[in-house]
2 protein chains.
Amino acid sequence: MKIAIDAMGGDFAPENIVKGVNLAKKELSDVTFQLYGDGAKIRQFLDDETAIEIIETTEVIDFHDDPVAAIKSKKDSSLVRAVTAVKKREADAVLSAGSTGALLTAGLMLVKRIKQVSRPALMSTLPTADGRGFDMLDLGANTENTAHHLVDFAILGSYYAENVRGIEKPRVALISNGSEESKGSPTVKEAHEILSAMTEINFIGNIESRDLLSGGADVVVTDGFTGNAILKAIEGTATVLMKEIKSAIMAGSVTTKIGGVLIKKPLSGLKDLMSTDGAGGAAFVGLKAPVVKAHGNSSELAIASALKQIHKMLESDVSGKLVKHFENMDK
Amino acid sequence: MKIAIDAMGGDFAPENIVKGVNLAKKELSDVTFQLYGDGAKIRQFLDDETAIEIIETTEVIDFHDDPVAAIKSKKDSSLVRAVTAVKKREADAVLSAGSTGALLTAGLMLVKRIKQVSRPALMSTLPTADGRGFDMLDLGANTENTAHHLVDFAILGSYYAENVRGIEKPRVALISNGSEESKGSPTVKEAHEILSAMTEINFIGNIESRDLLSGGADVVVTDGFTGNAILKAIEGTATVLMKEIKSAIMAGSVTTKIGGVLIKKPLSGLKDLMSTDGAGGAAFVGLKAPVVKAHGNSSELAIASALKQIHKMLESDVSGKLVKHFENMDK
């Protein structure tokens with residue numbers, strides 16, 4: 001299989017991207033890595049060129065560019081060229097740590113939606129206390145969604161959790177302001193009703209966002225505006241709390257500081273829990289092939305983990321299965 | 001001033017409610033506390049009866065009751081009688097730790113909306129790392145809101161922060177999926193445009209939910225569905241992280257455990273940061289008089305703090321000022 005990689009996208013490109021490829025290559029022997037970007041710069045960081053194709057591109061889309069305009073004007077950017085490779089079937093999937101908006105736009109325009117999925121969604125695997133994790137979508141590809149979009153998200157997420165994360169009959173839940181089925185906006189209530197009648201997914205009802213990190217569901221479905229707000233609330237709370245713990249220890253007595261040194265190890269374990277290094281990227285689901293966005297400040301470990309995630313998506317053919325699922329619904 | 005108190009509502013009623021009154025009484029010398037409920041049970045916990053009125057009621061609304069039905073059928077419940085006292089001007093404000101739905105319904109039906117405020121909202125003061133805190137609304141009184149509702153929330157929150165929390169020109173922000181003004185759902189964009197043109201509040205634009213606990217704004221406005229999801233995501237993340245820290249320390253080596261003992265003090269300081277004891281209750285704003293909901297499991301400290309909050313609301317006449325503000329808009 002071939003994975004197209006935008007080697008120039010992200011805060012630490014091409015270094016972390018290429019180093020991530022070096023790492024992933026050791027484990028993924030059946031993958032060809034296509035690196036789109038400045039060949040000379042890419043080669044600086046590349047261990048060797050086995051299983052590597054370097055495709056020279058001259059432009060880079062950055063975070064200041066308007067996504068839609070950039071896709072059209074920067075045709076020779078590493079991002080557009082990498083996504084185009086999937087469209088032309090020169091690659092099976094694409095990874096970028098560049099502009100989210102540009103990747104979503106290019107994905108929609110070039111890789112295209114699965115027929116019947118009117119709104120693709122951004123999905124990430126987030127950590128839970130028990131290590132199992134959960135997939136949440138939409139994290140912000142949309143700012144408004146109908147009940148039917150939410151139902152599509154439930155199917156997309158369920159297939160992903162089952163095929164890529166290997167979870168049998170993933171528990172799918174809908175974010176609401178209460179766990180009772182009577183709770184929710186009109187949109188959520190309508191989605192709840194449709195999902196309750198579906199036999200192909202394991203819908204367990206509503207979930208409140210306070211039960212996410214404790215592992216209340218395997219797939220969590222919500223509209224893009226709410227999902228984005230929840231994700232960022234989790235991030236912000238974890239960041240502030242870890243910082244406060246640190247500064248409370250540093251501001252304490254000598255005894256407290258010694259205590260701080262002694263618990264350093266379990267605290268760094270917690271950092272791992274909240275870290276994105278092992279979590280892969282955010283998958284843009286609902287398209288005909290895997291389009292994955294890594295965080296802009298991804299480490300080489302994060303890039304390697306996103307590549308392993310894409311490998312699982314390709315190996316399980318989750319996108320192909322979804323195309324078939326929605327085709328069948330059409331009949 | 002007179003505060004009507006539902007002495008029977010909440011998980012630890014009447015004990016924690018009455019003990020909270022005992023505490024608040026020491027500081028609030030100009031308040032008469034009206035306790036609605038079972039007089040014999042109330043007297044068990046009451047220090048003395050100065051500045052206290054006990055009003056016998058025979059029924060209690062519990063969490064299983066349907067809110068709307070309960071308001072109509074349990075006319076002699078401590079909750080309905082306490083809210084009715086405000087309607088009849090026998091009290092100036094009401095506090096309950098009972099059913100949120102029942103209190104909201106009774107507040108709407110009996111205390112009534114301020115003219116021109118079509119949707120009252122639930123608002124709480126949440127903690128920030130710098131101790132300043134922020135007010136967020138709506139936390140779930142509504143499941144859907146229009147741009148005009150959001151604009152009303154901004155005014156309600158701004159008046160509250162200024163009058164009750166004493167913050168000059170409170171910075172009011174709108175939750176969105178990005179800080180740029182181009183970001184947001186159509187509803188959020190419309191609200192952003194209206195708020196930007198208003199001179200009476202200090203609107204600072206959009207805020208992402210990751211910047212709340214670090215103190216990005218004094219008043220945070222969003223629809224009830226999103227606000228509820230953000231609040232519960234913050235709660236859930238803080239709970240899971242504190243639990244994980246504890247169990248990481250307990251599962252560690254002897255050295256780690258000793259470290260855990262040594263940092264116990266700063267960690268309990270953090271618990272205070274996240275605790276609701278000092279934060280007051282959730283105010284149901286947009287009504288003609290203060291209606292405040294304390295958490296169902298409120299400690300006596302939390303009840304006392306909610307009573308002090310109500311005292312500030314009455315002393316500053318924030319509800320009266322809001323009635324006037326919206327009357328003037330009407331002209």
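Keep in mind that the numbers below use all heavy atoms, side chains included, and drop hydrogens, waters and symmetry copies. Here is the naming used below: chain letters follow the sequence lines, and residue numbers restart at 1 for every chain.
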Got a sec, which residues hit side chain to side chain donor-acceptor pair (under 3.5 Å) with B:Asn145, two or more places apart in sequence or on another chain? B:His149

Non-hydrogen atoms of chain B under 4.5 Å away: do they reach the side chain of A:Leu212, the backbone, both or neither? neither

Is B:Arg119 reaching over with its side chain to a backbone N or O of B:Ala141, donor-acceptor style, under 3.5 angstrom? no

Applying side chain to side chain contact (heavy atoms under 4.5 Å, CB included), run through A:Ile61 and A:Ile71 and close with a yes or a no. CA-CA 8 Å; A:Ile61 294 180; A:Ile71 299 306; 4.2 Å; yes

Out of B:Asn142, B:Thr226, B:Asn177, return the one with the most heavy atom pairs under 4.5 angstrom to chain A. B:Asn177

Given 3.5 Å as the limit, does a donor-acceptor pair link the side chain of B:Asp218 with the main chain of B:Arg171, or not? yes

Would B:Thr125 and B:Asp135 satisfy side-chain hydrogen bond (donor to acceptor under 3.5 Å, both in side chains), going step by step from the backbone distance to the final call? CA-CA 4 Å; B:Thr125 305; B:Asp135 293 307; 2.5 Å; yes

Between B:Ser214, B:Pro186, B:Gly140, B:Gly224, which residue shows the highest count of heavy-atom pairs closer than 4.5 Å to chain A? B:Pro186

Heavy-atom proximity to chain A below 4.5 Å, by part of B:Ser182: neither

Best-contacting candidate, B:Ser209, B:Gly236, B:Gly227, against chain A by heavy atom pairs under 4.5 angstrom: B:Ser209

